[in-house]
Amino acid sequence: MDGHRPGFSKGGRVFRRVMGMQASNQRLAVTAMLIAAFLAGLDAVIVRSLAGGVHPLVIAFFRAFVGLIVVLPWIIARVELRASPYRGLHFLRAALKQASLVALFLAFTHAPLADATAITFTMPVFLTLGAWFFLGESIGPARITAILFGFVGIVIIIRPGGSNFDPWLLAALIGAILTAVIQLILRRMAMSDSADRLVAWNLLAMAPLGLIAALPVWVTPTPGQMALLAAQGVLGALNMSLITRAFSLVEASFLAPLDYLRLPVVAVLAYLFFDEFPPWNTWIGAGIIILGALVATGGVIRGRSRRP
């Protein structure tokens, strides 16, 4: 018995060290997601602040252009762009990304910020439907529940046919659908290309496409507007880096619910900057959407745990 104690003691130290590393990674990941949620809220505030002075197409171009400048040293140093087996798909994905940003910026410009943010949470619903229809993925009871909850939440927030119906919220819905389409394309591309190249090509393609789209409505921003546009581009690049870092530290199932922190953050910032406070239907609709997403996440995790 005594001869085994050193081994058990060493094994215990290794176990505690591993558990300590996991806890540390979780804390870092949660911190990164909290900061990312705050940066996403600031992004929405900047878009609303630029409303009426800068066209959404111009905002989308500067976001892509400044973001590209921020990460260009990393692209040059670490990414072998020519090794990618794709060309046209990179530009198609970039065009869809640009369109989704413009749709979201239109919603942020004209609709209540919290409402528009809540609608974006429906993206996984459309991703699930697209994966079932186009990729032949199976949909279990948990995902069906998420889809039903998602559509109920949309109806409660948008209130179609009601006296308070805001058609600009449909732009946020279009943005969510386009983002789901992008994710479906990305799933196929990721089978044959690296994550670094996919990110780099997306940024490189978005800037020229954004410029082409913005030229017909181009009005040179003022110095103050240019400062906000530059800040938004930097915040966008930082946001992407934080989320990527967080997902590299822990499992996606642990982080997915934290994405919903964007709603209370946006709600607080909208109240502070624009005196907006979300009505009851926004919180109820968002709660239903989030609940459905959490049910789906739990179902996927349980399904994976049953696999041999």
Side-chain angles (χ1 to χ4, degrees), residues 29 32-33 36 60 63-65 67-104 120 122-140 143 146 174-213 236-256 259 293 296-297 299-301 303-304 307-308:
M33 291 297 288
R63 181 189 174 96
F65 178 68
L68 175 60
I69 292 175
V70 171
V71 302
L72 191 58
W74 166 76
I75 293 176
I76 295 173
R78 296 188 53 182
V79 183
E80 181 57 47
L81 293 170
R82 290 176 294 181
S84 175
Y86 306 107
R87 291 297 183 273
L89 275 179
H90 285 304
F91 282 90
L92 172 61
R93 187 165 67 96
L96 291 173
K97 177 65 175 178
Q98 203 76 5
S100 70
L101 285 177
V102 172
L104 186 58
T120 64
T122 60
M123 188 277 291
V125 171
F126 297 110
L127 178 60
T128 300
L129 286 173
W132 167 69
F133 188 80
F134 294 105
L135 304 182
E137 294 186 6
S138 61
I139 301 180
R143 290 186 174 181
I174 292 171
I177 295 172
L178 289 174
T179 302
V181 173
I182 293 166
Q183 292 298 319
L184 291 173
I185 295 173
L186 192 57
R187 283 189 182 184
R188 286 301 179 94
M189 295 177 73
M191 296 178 181
S192 305
D193 213 343
S194 71
D196 286 352
R197 279 196 295 269
L198 290 171
V199 171
W201 267 105
N202 190 56
L203 289 169
L204 286 168
M206 281 183 66
L209 290 176
L211 178 61
I212 292 171
L238 181 58
N239 191 317
M240 180 183 67
S241 300
L242 287 169
I243 293 175
T244 302
R245 176 61 175 166
F247 276 88
S248 71
L249 291 171
V250 296
E251 293 183 353
S253 58
F254 174 80
L255 288 178
D259 183 51
T297 301
V300 171
I301 294 171
R304 289 175 177 172
R307 294 178 184 174

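Residue numbers run from 1 in the order of the sequence given.
- Between Leu184 and Ala131, the shortest heavy-atom contact is CD2-N, 3.6 Å.
- Within the 3.5 Å criterion, the main-chain N or O of Leu101 finds no donor-acceptor partner in the side chain of Arg63.
- Sparse packing is recorded around CZ of Phe65, with 12 or fewer heavy atoms of other residues, nucleotides or ligands lying under 6.0 Å away.
- Rounding to the nearest 0.5 Å places CG of Asp193 at 4.5 Å from CG of Leu198.
- Closest heavy-atom contact between Asn202 and Ala94: OD1-CA, 3.6 Å.
- Side chains of Leu68 and Met206 form no contact here, defined as non-hydrogen atoms less than 4.5 Å apart.
- To the nearest 0.5 angstrom, Leu204 atom CG is 4.5 Å from Ile75 atom CD1.
- Summarising the geometry of Gln98 relative to Ala64, their closest heavy-atom pair is OE1-CB, 4.3 Å, with the distance given to 0.1 Å.
- Residues Thr179 and Ser100 approach most closely at OG1-CB, 3.9 Å, considering heavy atoms.
- The distance from the CE atom of Met189 to the CG atom of Leu92 is 8.5 Å, given to the nearest 0.5 Å.
- Closest of all the heavy-atom pairs between Leu81 and Ala200 is CD2-CB, 3.8 Å.
- In this structure, Leu186 CG and Lys97 NZ are separated by 10.5 Å, a value rounded to the nearest 0.5 Å.
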Next item on the list: Might you work through the side chain to side chain contact (heavy atoms under 4.5 Å, CB included) test for Arg187 and Leu127, ending with a clear yes or no?
Entry: CA-CA 11 Å; Arg187 283 189 182 184; Leu127 178 60; 3.8 Å; yes

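- Between His90 and Trp201, the ring planes are parallel. Angles under 30° get that label, and only those over 60° would be called perpendicular.
- You'll find the side chain of Tyr86 stays beyond 4.5 Å of the side chain of Ile185, heavy atoms only.
- Looking only at side-chain heavy atoms (C-beta outward), Ile69 and Leu72 stay at 4.5 Å or farther from each other.
- Residues Met33 and Asp259 share a closest heavy-atom pair of CE-N, 4.2 Å.
- With Ser194 contributing its side chain and Arg197 its backbone, the two residues share a donor-acceptor pair below 3.5 Å.
- Within a 6.0 Å radius of CZ in Arg78, other residues, nucleotides and ligands contribute 12 heavy atoms or fewer.
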